[in-house]
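The sequence lines fix the lettering, A, B, ..., with proteins before strands; numbering per chain opens at 1. These figures come from a predicted structure and were not determined experimentally. Side chains are part of it too, since the values below use all heavy atoms of this structure and drop only hydrogens, waters and symmetry mates.
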Amino acid sequence: MPEGHTLHRLARLHQARYAGHPVAVSSPQGRFAAEAALLDGTVLTAAEAYGKHLFHRYDGQGVVHIHLGLYGAFTEFERPEPDPIGQVRMRIVGPTHATDLRGPNRCELLTDDEVEEITDRLGPDPLRADADPEPALRRITSSSSPIAALLMDQKVLAGVGNVYRAEVLFRHNINPMLPGKSVGRERAEQLWRDLVELMADGVERGRIDTVRPEHSPEVTGRAPRQDRHGGEVYVYRRVGNPCLLCGTTVAMRTLQGRKLYWCPQCQY
DNA sequence: GATCTATGTAGAT
DNA sequence: TCTACCTAGATCG
């Protein structure tokens with residue numbers, strides 16, 4: 001379930017459970033076996049997220065770069081950990097807990113320079129305290145690409161995925177196909193500030209909730225979202241259902257291979 | 001049991 | 001714009 005908030009939450013968890021300790025690293029599936037052997041028994045010094053990328057730093061041995069892609073997931077255990085089930089790419093066992101990594105898009109051992117090459121390509125991450133939104137605001141307000149495409153472009157903003165994109169555009173009544181330069185500076189700033197809040201909330205809760213209290217199905221009587229991702233949302237994957245605000249049927253189309261959801265009435 | 005889908009990205013065409 | 005890739009759970013029959 002990986003948008004930026006998931007990775008930041010994992011980084012925080014891994015930092016608390018493993019950082020500062022020697023850890024056992026293995027690859028039950030075998031596809032990370034050589035790297036795991038190098039790392040096994042060394043100290044994991046830090047866990048950090050940048051956008052949708054997760055980095056595990058090991059004392060003197062380099063940095064493990066993990067990108068979950070669409071399907072990747074970590075499973076966390078208290079020790080004693082069970083035998084691995086299924087395709088476990090990487091297992092880390094620390095003093096009190098263990099974690100299994102399955103199905104990542106990337107799991108590789110890199111040098112500091114290689115890590116920097118990755119982070120240099122990313123736009124500002126709304127979840128990082130050191131983020132400077134200025135480059136993102138300039139990119140958005142000068143581009144003729146649809147705002148929906150810009151929000152998902154990791155070179156523009158790091159960490160925003162399909163759910164946050166759909167939801168933040170709904171919250172600001174912006175049509176997803178509106179060119180970035182037509183969004184304007186002020187609304188672009190509002191989008192950034194809202195993403196900072198929404199995504200920080202996502203890190204705390206471990207799920208994406210974007211519906212304002214006054215718009216909740218309990219208050220409005222509108223049908224609640226029917227989705228399995230866990231949070232309360234306005235439009236994401238609600239195609240064919242009534243908009244929580246106006247009752248108009250939520251629309252869906254594909255943009256650059258990803259599904260886009262919006263309310264044709266509320267977003268113009 | 002087969003098929004579909006998914007909060008993603010890189011690379012080919 | 002397309003395809004490939006990594007995996008598991010939901011859905012279909």
Side-chain angles (χ1 to χ4, degrees), chain A residues 1-11 27-33 35 49-54 64-76 82 84-91 99-108 110 114 117-123 125-127 145-146 148-171 176-177 195 198-211 225-240 250 252-262:
Chain A
M1 312 141 193
E3 296 201 24
H5 70 299
T6 302
L7 281 302
H8 280 264
R9 191 175 166 87
L10 284 166
S27 179
Q29 172 204 55
R31 293 183 51 180
F32 191 61
E35 297 89 338
Y50 201 125
K52 298 170 188 169
H53 301 258
L54 177 64
V64 175
H65 167 229
I66 295 150
H67 195 293
L68 294 177
L70 264 182
Y71 330 112
F74 280 94
T75 314
E76 309 288 332
I85 297 169
Q87 298 291 308
V88 177
R89 180 79 58 90
M90 177 178 72
R91 166 169 280 196
T99 186
D100 284 351
L101 171 64
R102 287 188 178 74
N105 191 323
R106 286 291 170 84
C107 176
E108 57 190 352
L110 301 181
E114 290 168 325
E117 285 173 28
I118 292 171
T119 55
D120 281 353
R121 288 200 303 266
L122 297 172
D125 175 353
L127 285 172
S145 298
L150 293 164
L151 291 180
M152 288 271 282
D153 184 343
Q154 302 297 298
K155 297 188 292 298
V156 176
L157 285 170
V160 177
N162 209 8
V163 183
Y164 282 121
R165 157 174 88 169
E167 295 300 304
V168 80
L169 288 174
F170 180 90
R171 284 166 60 96
M177 297 307 289
L195 284 169
L198 285 175
M199 293 174 73
D201 182 73
V203 174
E204 295 307 319
R205 294 173 185 245
R207 48 182 263 178
I208 300 178
D209 289 291
T210 60
V211 177
R225 52 167 298 295
Q226 347 166 324
D227 196 67
R228 55 174 180 266
H229 98 270
E232 194 76 56
V233 293
Y234 285 107
V235 289
Y236 175 70
R237 279 183 54 148
R238 290 194 65 246
V239 58
V250 173
M252 189 271 284
R253 63 164 281 181
T254 298
L255 176 67
Q256 295 175 337
R258 305 302 305 281
K259 288 182 176 176
L260 189 53
Y261 305 88
W262 78 104

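Checking A/R89 against A/Q29 by side-chain atom types alone, a donor-acceptor pair falls below 3.5 Å.
Distances shown here put a side-chain N or O of A/H67 below 4.0 Å from the OP1 or OP2 atom of B/dT9. Listed pair A/K259 / B/dA6 meets the phosphate criterion, a side-chain N or O lying under 4.0 Å from OP1 or OP2. For B/dT9, neither phosphate oxygen OP1 nor OP2 lies less than 4.0 angstrom from any side-chain nitrogen or oxygen of A/R106. Considering only side-chain N and O atoms, A/K52 lies nowhere under 4.0 angstrom from the phosphate OP1 or OP2 of B/dT7.
For the C1' atom pair drawn from B/dA10 and C/dA8, the interatomic distance equals 23 Å after rounding to whole Å. Between C/dG9 and B/dT9, the distance separating the two C1' atoms is 22 Å to the nearest Å. Nucleotides B/dT5 and C/dG13 place their P atoms 12 Å apart, quoted to the nearest Å. The same atom, P, is picked in B/dC4 and in C/dT3; the two are 15 Å apart, to the nearest Å.
Using a 4.0 Å heavy-atom distance criterion, A/Q29 is classed as a sugar-phosphate-only contact. Using a 4.0 Å heavy-atom cutoff across all strands shown, A/R165 reaches no nucleic acid atom at all.
For A/N105 and C/dA8, the CG to P distance is 15 Å, given to the nearest whole Å. The distance between atom CD of A/Q87 and atom P of C/dG9, rounded to the nearest whole Å, is 13 Å. Going from atom CG of A/L255 over to atom P of C/dC2 covers 13 Å, rounded to whole Å. Protein atom CD of A/Q256 is 17 Å distant from nucleotide atom P of B/dG11, rounded to whole Å. When the P atom of C/dA8 is taken as reference, atom CG of A/D100 falls 11 Å away, rounded to whole Å. Atom CG in A/L157 sits roughly 12 Å away from atom P in B/dT9 (whole-Å rounding). Following rounding to the nearest Å, A/R258 (CZ) and C/dT3 (C1') show an atom-to-atom distance of 15 Å. When the P atom of C/dT1 is taken as reference, atom CG of A/L260 falls 13 Å away, rounded to whole Å.
The listed nucleotides are B/dT9, C/dT7, B/dT7; the one nearest the side chain of A/L70 is B/dT7. You'll find that the side chain of A/Y71 is closest to C/dC6, out of C/dA8, B/dT7, C/dC6. In this structure, of C/dT7, B/dT7, B/dT9, it is B/dT7 that holds the atom nearest to the side chain of A/Y236. Nearest nucleotide to the side chain of A/P2, out of B/dT9, B/dT7, C/dA8: B/dT7.
At least one donor-acceptor pair closer than 3.5 Å links the side chain of A/Q154 to the backbone N or O of A/M152.
Residues A/H8 and A/D125 have side chains in contact (heavy-atom distance under 4.5 Å, counting atoms from C-beta outward). Side-chain contact check for A/I118 versus A/Y50: every heavy-atom pair is 4.5 Å or farther apart.
Of all the heavy atoms in A/V211 and A/V233, the pair that sits closest is CG2-C, 3.5 Å. Of all heavy-atom pairs between A/E204 and A/R9, the closest is O-NH1, 3.0 Å.
Checked against salt bridge (charged side-chain N to carboxylate O under 4.0 Å, His left out), A/K259 has no partners two or more places apart in sequence or in another chain.
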| remark: For DNA chain B, the dot-bracket notation using Watson-Crick and G-U wobble pairs below 3.5 Å, [ ] for pseudoknot-type crossings and | for other-strand pairs, is ||||||.|||||.
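With values rounded to the nearest 0.5 angstrom, A/L110 atom CG is found 10.0 Å from A/E35 atom CD.
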